[in-house]
Amino acid sequence: MKIHLTSVFVDDQEKALRFYTDVLGFVTKHDVPMGGEDRWLTVVSPEDPDGTELLLEPDRHRAVGPYKTALVEDGIPAAAFAVDDVRAEFDRLRGLGVRFTQEPLEMGPVTTAVLDDTCGNLIQIAQAG
């Protein structure tokens, strides 16, 4: 068994697609209209195009707003992405105007930073070892 799909709830799929592809560097895997304005919209790492997909899921369900708000207020990331060099990625993303809620922080064998994805989520980037 392996993880095939995970998701983040986003307040605007088009804005999320731009951020996750143009800024973070993911590539679109699926973009399928689902009726109305919703899409089955997934992105993947260009380094692993057949790997785990991230669904940019509309956040209109009544439970999602309070859930997302609580996570952000408590500083809890909705997802974590592995990077080779947190400090270099922090500098690159900050240069693109990305807002960070946590600058690079060494925690034993892991270095992390937390960014705002502009779609209502905090996202952690992490480097092991």
Shortest non-hydrogen contact from V8 to A79? CG1-CB, 4.0 Å
Membership question, hydrophobic clusters at under 4.5 Å side-chain separation (ILVMFWY): are V32 and L17 in the same one? no
Please check if the number of heavy atoms outside I3 that lie under 6.0 Å from its CD1 is greater than 12. no
Ion pair present between E106 and R87, side-chain N to carboxylate O less than 4.0 angstrom? yes
I'd like to know if the side chain of D22 and the backbone of G25 have a donor-acceptor N/O pair within less than 3.5 Å. no
Under-4.0 Å salt bridge between K29 and D50: yes
Minimal heavy-atom distance between Q102 and T112, with the atoms involved, is NE2-OG1, 2.9 Å
Between the OG1 atom in T42 and the CZ atom in F26, the distance rounded to the nearest 0.5 Å is 11.5 Å
Quick one: pull up CG in D31 and CG in L41 and give me the separation to the nearest 0.5 Å. 5.0 Å
Are E89 and R94 close enough for a salt bridge, meaning some N to O gap below 4.0 Å? no
Verify, without hydrogens or angle tests, whether N121 (side chain) and I123 (backbone) share a donor-acceptor contact under 3.5 angstrom. no
Does K15 reach the main-chain N or O of C119 with its side chain, forming a donor-acceptor pair under 3.5 Å? no
Once you round to the nearest 0.5 Å, how far does CH2 of W40 lie from CD of E53? 8.0 Å
Would you confirm whether R92, through its side chain, and V23, through its main-chain N or O, come within 3.5 Å as a donor-acceptor pair? yes
Checking E57, E14, H30 against R39 for side chain to side chain donor-acceptor pair (under 3.5 Å), the one that qualifies is E14
For A126 versus V110, what's the shortest heavy-atom pair and its separation? CB-CG1, 4.4 Å
Give, for atom CG of D116 and atom CG of L93, the distance between the pair rounded to the nearest 0.5 Å. 12.0 Å
Taking the side chain as every heavy atom from C-beta outward, state whether D117 and L122 have any atom pair closer than 4.5 Å. no
Under a 4.5 Å cut-off applied to non-hydrogen side-chain atoms, are L115 and R99 in contact? no
State, to 0.1 Å, how close Q13 and L56 come at their nearest heavy-atom pair, and which atoms those are. NE2-O, 2.8 Å
Within one Ile-Leu-Val-Met-Phe-Trp-Tyr cluster: F9 and L24, side-chain cutoff 4.5 Å: no
If you count every heavy atom of other residues, nucleotides or ligands that lies below 6.0 Å from D84 atom CG, does the total exceed 12? no
Do you reckon V114 sits in the same ILVMFWY cluster as F90, going by side-chain contacts under 4.5 Å, direct or chained? no
Rounded distance [0.5 Å steps], OG1 in T28 versus OH in Y20: 13.5 Å
Are L96 and V86 grouped together when hydrophobic residues (ILVMFWY) are joined by side-chain heavy atoms under 4.5 angstrom apart? yes
What closest approach, in Å, do V44 and T52 show between heavy atoms, and which atom pair accounts for it? CG1-O, 3.8 Å
For the residue pair T111 and P104, what are the closest heavy atoms and their distance? CG2-CB, 4.3 Å
Could you check whether any side-chain N or O of Q124 sits under 3.5 Å from a backbone N or O of P77, counting only pairs where one atom can act as donor and the other as acceptor? no
For F81 and L54, what are the C-alpha separation, side-chain angles and deciding distance, and is it a side chain to side chain contact (heavy atoms under 4.5 Å, CB included)? CA-CA 11 Å; F81 304 140; L54 179 67; 3.7 Å; yes
Indicate yes or no: at least one non-hydrogen side-chain atom of K68 is less than 4.5 angstrom from one of L71. no
In the single-linkage hydrophobic clustering (I, L, V, M, F, W, Y; side-chain heavy atoms under 4.5 Å), do V43 and F19 co-cluster? yes
